[in-house]
Structure formats: C-alpha cells, structure tokens
Undergrad: 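Take a look at this one; I'll ask things after.
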There are 2 protein chains.
Amino acid sequence: MPERPAGSATGDLGLDPAQPGAEAPRGLGLSMRDVATRAGVSAATVSRVLNGSSTVQAEYVERVTAAIAELGYRRNRLARNLRRQTAEMIGIVVSDIENPHFTQMVRAAEDAAYRRGYRLLLCNTDEEAEKQAAYLEMLAGERALGVILVPSNPAGDEIRWLLDLDIPVVAFDRSVEDPRADSVVSDGEGATRTATEHLLGAGHRRIAFLGGRTGVETAERRRAGYEQAMREAGLAPREADGDFRIEPAFAATQELLQRDGDVTALVVGNNLMAIGALRALARGGRRLPDDMALVAIDDPFWAELVEPPLTVLAQPVREMADAAMRLLFERLGQRREEPRHELFGFELKVRGSCGAAHPGPARG
Amino acid sequence: MPERPAGSATGDLGLDPAQPGAEAPRGLGLSMRDVATRAGVSAATVSRVLNGSSTVQAEYVERVTAAIAELGYRRNRLARNLRRQTAEMIGIVVSDIENPHFTQMVRAAEDAAYRRGYRLLLCNTDEEAEKQAAYLEMLAGERALGVILVPSNPAGDEIRWLLDLDIPVVAFDRSVEDPRADSVVSDGEGATRTATEHLLGAGHRRIAFLGGRTGVETAERRRAGYEQAMREAGLAPREADGDFRIEPAFAATQELLQRDGDVTALVVGNNLMAIGALRALARGGRRLPDDMALVAIDDPFWAELVEPPLTVLAQPVREMADAAMRLLFERLGQRREEPRHELFGFELKVRGSCGAAHPGPARG
DNA sequence: CTGAAAGCGCTTACAG
DNA sequence: CTGAAAGCGCTTACAG
C-alpha cells in the first residue's frame, strides 16, 4: 500500500526493498501502517497498543501484538520523539569521567535512569566552558528530559536556555547561577575544616593545603575551610594549586616541598590530587605518616590499598547521585516547582596516613 | 568526510549559532519558518545555511544568520533526526563503567566522538544479557549511528537487528557471534602466558590463577594462556573464579589460601580482582612479594601506588578505544564493507609485586 | 542558486 | 472504543 519511491529515505538507509520470495529482513522499513494493515486496525490503534493504552479492546490488542511479532516490527523512536517533542534521555554532564568520584556518580545515575526506563547521555567537559556550552546546546536541541550538570561554567547562558525550554537542571557538586536549578552539593568547607582540625589535634602546626583550581566553587569552598581552621588556630596558611588533577598536583607538591620544606602535614583537596601528592612525596623520600601526615578529600576504592591507608573525608556519592536523580524525577513528574538545594556532609575516616593511632585495616 | 557537510571539526555538535543576546528572546516554539520569514528567504535556505551548504549566496547567509541571532532561534534536532532517520549519536555499551579499564575506554571514545561532532550514549549492562538487549533495542529504535559493544551476550539477537539496520557494531574486548561486526580485542592468552612464564622464570612452581567468569570470552582466553604455560612446564594448574569483580575475588582468594596454602605465586585476571586478592592476602597475613608473588592483568593508575607496586600486563586501552572509533567511522564513511578484527598485545611491566629484582619507581 | 512541496513515522485531539 | 486526519519541524529531491 504505501509505495516507497526508490531513493527515498528508506533507500538512503541502505535497506533492501522487500524482494518477492526472498526472506524479508524482519522489521526493517516497517511502519505502524504495515502493522495496522496486517492486524486489520488503524495505525492509531497500533500506537495505543504499543503505548499500553487501556482503552483498546482485548481482541485488538491480541491482533496487534500478533502482527508485530509476525512482522518483527519495531517502533521508530525518532518519529515518536518528534511528535512528543522529547527524547527520553537524561543528559549527564561531568567535568572528568575518569575521576572515580564522578565515575561512581555516573554509575549510580545510570542505575536510577535504567530502572525508570530512561537513557543517559554522557558528556565530558574537561572543565572547559566551551565543551559545556556545546553539550548543553545539543541537549537542548535534542529536548532532553533533564540534565545533571557538574558545571564547568556555572554562569553559562546554555543553562538558562535549558531552563527556558522547561528542561530541569540539577547542579551536582557545584551550584549554578540560574536560581531555577536544583542542586546537590557537599559541604567541602566543613570537610577541610575537619581535616585541618584533625591534624591540629594531632599536634601539627605547619599544615599545607593542596587545592583545586582557583575560581571553581568546590575548590574555593575547600580552601576556605582549611583557611578558617588555620586562622582560628593562629597559624599561617600555606597553599598550593593542584588543579584537581594528578599531574599538576604532583608538580605543585614538589614545588611545595621545595618552598616549604618544614611542612609536616598536608590536606589534599580531592582524590586525584592525592595520587599526585603521594607520588611527589615518595619521589622526595618523605614517608607517610612520619615524615608527612596526610588527609585527603574523597574516599576512592584505592584509598585503603595504599600503604599506609589514607585517612580521608568521604562524601556519600551514591546517596548524592540518587538525590540528584530524585530531584530530577520530581520535576519531570511536575511534582515540584520551587528549586531545592541539598547539602551533604563528609565523613572522617581515620586510617593510617594521618599518623593517628589506628591499626591498619589489613593486618589480621 | 563525505557524509558531513563542511564545517569546523568540532563545530557541528549541534552548536547552532544562537547568540547569547542579553535580552534573551526565548527561542521557544520558533521554527525555521519564523527565521525564514524574518530573513525574507525560504525555510529551505535557512536549513541550507544551518547545514553549511556552500551553495547559498553570501548575502542570504548573512541575513539568515542575523535573523537567527535576533530571534534566538535554535534548531530542533528531533525533527532533523526523524527526517534524516538517524540520531547523531554513538552507543557505547560496557559491562561495568566503574572498572577503570572501561572508564578509560569510555573516556577515549568520548574524546574521539566529540572531535567529530557526535555524542555518546552510555549504557552499562552489569554483565546482564537482559540489560544488553534492552539497551541495544533502544539504540536500534533510536537509529544510533553506531555502537561500541562490550558484549555481555555475544549471541544476542539484538546485535543482529542493529546490523540489519546497517548500524555498525564494533565489539570491544570480546567478540560477538555475528560475523558482520568489527572487533577490537587484546591478546589475553598471550598475556597470562607471559605472566605465568615470568613467574616460572623466577623459580615459582605452585602458581595459581584467579580468573573471571566461566564462559566469558576474555576470561576463557586468559585462563587458557595460564594453563598452557603451566602444562608446558609440567605443572598442575590451580584455579579460582573471581568473576572479574572485587568482592568475589576477595572470597575466592581467601578460599584458595585455605585450600592451596602452599601456593607461592598468583596470576590475577584483571585489575578489579587484583584489589580483592590484595585485600585477602593482607587479611591472611601474606606479604607481597615474599609470601606471595603477584602479577596482574591491566595497569590501572593505582597499580604503582600500592606497596609493593604491582607487576602487570598492560593493554593499550587508549589505542584500542581509538581503533574502535576509527573502525566505526570507517563504516560511517562507507569506506569499508568487509569486517575487520584488530588484536592488541599486552606489555609486561615488572614492578615490585612479582619479587623480581627491580627498584620501585618511587624512591628517589 | 533558490523555493515549493513532499514526507520522515509517529501521537493525539477530534469526531463518530 | 476506534479511525481519519493533522501535524511535530526539519531536509532534500525536484523544478525553475
């Protein structure tokens, strides 16, 4: 019935036109119309069956289901997306997928999305405002259902565009400027304050801080907590910038050891920088915890593996990811209008690297 | 690059040239028609300008560009997708995104995709055939451009469906049954053979193998290499199943120590199981490398961090990911019909855990 | 080079 | 409950 002119879009797809006698490739180039014809109903009814509309007669449901099976028909989601003006996918925009902190977050988000029948579009921005803009614009053009965003540029116009399109945005780890977005962040200030106070309590005075990139909210918050604790103790802060990454942290730590050789303790702003710092310390012949005490933010799976195991401040990543997804789904379900902001606390896990009396977890 | 209209390398990521005018005329509900009217041209011309068609008069280009900026118009990709019968996205289906091996691979793939203006749809199967089926069907329905697949079920019908739709599939890490798919795998057999021979060369005789799930191709290949090396040395293999995951590996190692207490060396089948084994060894009071020598497959970033640093067989993940993307793009560019299979070798990196004389990398 | 027109394959008011 | 029809917003032969 629906004659397809040669060279139509079907042809472009490289689909073989049905050859008489030859076994037709199942489900290719079929539309609801074909199923409808086969089942002796209208395309609308096929659509209703596929969408689980409860109003369709049982007999029709059966006939349509049978026809779909016989034909091997599979719905073209592209058409559905256009018609509904949404692709059922959630954008997840992180600054560095290789950072275990975000890997864990992505994993938890994937779980939650899959359970609800949505897909995840993974975007990695490398902390570049330009990549963030490109990805968010794409997500807007594609009419994503919602976006979980670790903002590289919290003030980006693209964030506004998404919100304008009624696409909910949940800021993760750092907040964004637009007040309409939800957010899920952790109390980095409290974390470094706790870390610093823990080291102060152990008698350290010359405590340095290895922080992230200036201007990044998370970095600033963590720096602030350290500075407060030091100031309250009447001590001078000593800081180095490790850019939240391994290599810069390695270099910054080496430089710090050169510059402030008398430092006895280090607060490290995230797990990636801890790796860099550990390497630099080893290279410099400083042994943990005696030559240098160390407390790190984040609790990656390898923190217990190193010798001595790392004393850390752990954030509840999984719960945070779940919270972000929950906030998103509340919006999708129109169950909420006003923005919500959730703050999560860190947990101090004392292990060996801070020099506190505590048996390593590994010795039986 | 035949199928993509002229444009900058990364410029076509859906980055429609809407300028962030401060007065934000929300580009909602605007269509090309509106832009066309404003610019005094046809919608077709607007489309051509947006797609970088070189045939449009310079003056029209200017007028259209201006109209787009004034209106704050942004293209609806949903319509474009339907019309072109493809969403410009690549599905990437892995068994465990939290495994650093796959994280690295995903990262490299994202890089390559972004450079070419494509997006990545991340799917995590947890080694479940059902999740693989659900994701691949979705990818087919959404007319993904192509799929990189770490198969949980290499014989799944959904793989055939994708190929039937002319959606190229590149099997990664393990091959799939359908002969039309490309593949990028590493020589796991050679890797465990090398590992075992290295330990044999160091004088070990009672060498055990901690392997992955029975039936998974990668696991079987790695097991085979170990068994061959043992057999050739006239020794009896001793094996444990750690399911490629941390916890099962921990349990399996504990059981192994119980059962075969006299084992002096361990070949571990992947990086996740190495973590489990390390924990079990520590718990059992066995020190590396004296009480137990260890060689692991994979070279995650933490392998150098543990004490002693791990002797490993590293696979060139980044190159493998690049190869997979290259194979995919060759298909998209219609530059190849016949399937291609690429095999990558491992590199032995002798560090401390095998007991071989070698200075740790960290001591200055 | 440009425009008018067809159509991608669904979904969904609307009418019966 | 069901079908005919409109239409989502693009792209692209086709004709001029």
Side-chain angles (χ1 to χ4, degrees), chain A residues 1-13 15 27-37 39-64 68 71 73-88 140-143 165, chain B residues 3-5 12 14 16 27-37 39-64 68 71 73-88 140-143 165:
Chain A
M1 209 269 285
E3 61 279 307
R4 300 191 180 288
S8 70
T10 304
D12 293 342
L13 258 185
L15 304 183
L28 300 191
L30 287 177
S31 76
M32 281 190 177
R33 190 135 232 111
D34 302 307
V35 175
T37 305
V41 298
S42 72
T45 296
V46 175
S47 174
R48 290 189 184 107
V49 169
L50 243 17
N51 290 319
S53 164
S54 56
T55 67
V56 183
Q57 262 185 51
E59 199 211 314
Y60 281 4
V61 173
E62 220 161 273
R63 266 155 60 185
V64 168
I68 287 173
L71 261 22
Y73 165 78
R74 265 158 301 130
R75 173 164 53 185
N76 184 319
R77 298 181 71 99
L78 263 19
R80 150 184 262 236
N81 290 349
L82 173 60
R83 180 53 228 242
R84 310 239 280 204
Q85 278 304 295
T86 177
E88 287 186 338
E142 203 88 51
R143 301 291 188 273
L165 282 164
Chain B
E3 88 281 22
R4 296 188 65 78
D12 202 22
D16 296 326
L28 293 182
L30 287 179
S31 75
M32 281 190 175
R33 192 133 232 110
D34 302 306
V35 177
T37 305
V41 297
S42 73
T45 296
V46 176
S47 174
R48 290 190 183 106
V49 170
L50 243 17
N51 290 320
S53 164
S54 55
T55 67
V56 183
Q57 263 185 49
E59 198 210 315
Y60 282 4
V61 172
E62 220 161 89
R63 265 154 61 183
V64 167
I68 287 172
L71 261 21
Y73 166 78
R74 265 157 302 132
R75 173 163 55 184
N76 185 321
R77 298 181 70 96
L78 263 18
R80 150 184 262 234
N81 290 348
L82 173 60
R83 179 53 228 247
R84 310 239 281 204
Q85 278 305 294
T86 179
E88 285 185 341
E142 203 89 49
R143 301 291 188 273
L165 282 165

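Below, read A as the first sequence line, B as the second, and so on, with proteins coming before strands; counting in each chain starts at 1. On a predicted model such as this, the values are computed, not experimentally measured, just so you know. What's counted below: heavy atoms across the whole structure, side chains too, no hydrogens, waters or symmetry copies.
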Undergrad: Roughly, in whole Å, what's the span from CG in A:Asp34 to C1' in C:dG9?
TA: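 To the nearest whole Å, that distance equals 11 Å.
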Undergrad: Does the side chain of B:Arg143 get closer than 4.0 angstrom to OP1 or OP2 of C:dC8 through an N or O atom?
TA: no
Undergrad: Does any nucleotide pair with C:dG16 by Watson-Crick or G-U wobble geometry, both distances under 3.5 Å, and what is it?
TA: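 Per the H-bond distance test, D:dC1.
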Undergrad: So if I take every side-chain heavy atom of A:Ser47 and compare against C:dT11, D:dT2, D:dC8, which nucleotide ends up nearest?
TA: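 It is C:dT11.
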Undergrad: Return the value, rounded to whole Å, for the distance between atom CZ of A:Arg33 and atom C1' of C:dG7.
TA: 13 Å
Undergrad: Which listed nucleotide (C:dC10, D:dC10, C:dG3) is nearest to the side chain of B:Ala79?
TA: D:dC10
Undergrad: Can you tell me which nucleotide in D:dT11, D:dG3, D:dG9 comes closest to the side chain of B:Ser31?
TA: D:dG9
Undergrad: For A:Val41, run the side-chain contact (heavy atoms from CB on, under 4.5 Å) check against A:Val49, A:Val46, A:Val56, A:Val61 and tell me which one passes.
TA: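 Filter result, single survivor: A:Val46.
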Undergrad: Could you give the CZ-to-C1' distance, from A:Arg77 to C:dC8, as a whole number of Å?
TA: 17 Å
Undergrad: Pairing donors with acceptors under 3.5 angstrom, does anything connect the side chains of A:Arg75 and A:Asn51?
TA: yes
Undergrad: Taking the side chain of A:Leu82 as its heavy atoms from C-beta onward, which of D:dT11, C:dG3, C:dG9 lies nearest to it?
TA: C:dG9
Undergrad: Which nucleotide in the set D:dC10, C:dC10, D:dG3 lies at the smallest distance from any side-chain heavy atom of A:Asn76?
TA: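 Of the candidates, C:dC10 comes closest.
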Undergrad: Looking only at heavy atoms, what is the nearest atom pair of B:Leu30 and B:Leu71, with distance?
TA: CD1-O, 3.4 Å
Undergrad: For the side chain of A:Met32, counting heavy atoms from C-beta on, which of C:dC10, D:dT11, C:dT12 is nearest?
TA: C:dC10
Undergrad: Looking for any heavy atom pair under 4.0 Å, which part of the strands does A:Asn51 touch: base, sugar-phosphate only, or nothing?
TA: sugar-phosphate
Undergrad: Taking the side chain of B:Arg83 as its heavy atoms from C-beta onward, which of C:dG9, D:dT12, C:dT12 lies nearest to it?
TA: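 Looking only at heavy atoms from C-beta outward on B:Arg83, the closest nucleotide is D:dT12.
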Undergrad: Whole-Å distance between D:dC10 P and A:Asn81 CG?
TA: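 Computing the A:Asn81:CG to D:dC10:P distance gives 15 Å.
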Undergrad: Between D:dG7 atom C1' and B:Leu78 atom CG, what is the distance in whole Å?
TA: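 Atom CG in B:Leu78 sits about 14 Å away from atom C1' in D:dG7.
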Undergrad: With sugar-phosphate meaning primed atoms plus P, OP1 and OP2, does B:Thr45 contact a base, only sugar-phosphate, or nothing at under 4.0 Å between heavy atoms?
TA: sugar-phosphate
Undergrad: If you measure from the C1' atom in C:dT12 to the same atom in C:dG16, how many Å do you get, rounded?
TA: 16 Å
Undergrad: Pick the nucleotide of DNA chain C nearest each of A:Leu50 and B:Gln57; which residue has the one closer to the 5' end?
TA: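 It is B:Gln57 whose nearest nucleotide is closer to the 5' end.
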Undergrad: Could you state the CZ-P distance from B:Arg84 to D:dA13, rounded to the nearest angstrom?
TA: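 Between P of D:dA13 and CZ of B:Arg84: 11 Å.
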Undergrad: Begin with the C-alpha distance, continue with both residues' side-chain angles, and end with the deciding distance and a verdict on side-chain hydrogen bond (donor to acceptor under 3.5 Å, both in side chains) for A:Asn76 and B:Gln85.
TA: CA-CA 9 Å; A:Asn76 184 319; B:Gln85 278 305 294; 2.7 Å; yes
Undergrad: Can you tell me if A:Tyr73 touches the phosphate of C:dG9, counting only side-chain N or O atoms and a distance under 4.0 Å to OP1 or OP2?
TA: no
Undergrad: Which atom names give the shortest non-hydrogen contact between B:Ala36 and B:Ser42, and what distance separates them?
TA: CB-C, 3.5 Å
Undergrad: Nearest whole Å is fine: how far is D:dC10 C1' from B:Leu30 CG?
TA: 14 Å
Undergrad: Counting only side-chain N and O atoms of B:Arg80, is one of them less than 4.0 Å from OP1 or OP2 of D:dT11?
TA: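 Yes, because at least one side-chain N or O of B:Arg80 sits under 4.0 Å from OP1 or OP2 of D:dT11.
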Undergrad: Please determine, for the side chain of B:Arg48, which listed nucleotide (C:dA6, C:dT11, C:dT2) has the closest atom?
TA: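 Of the options given, the side chain of B:Arg48 lies nearest C:dT2.
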Undergrad: Between the side chain of A:Thr37 and the main-chain N/O of A:Arg33, is any donor-acceptor distance below 3.5 Å?
TA: yes
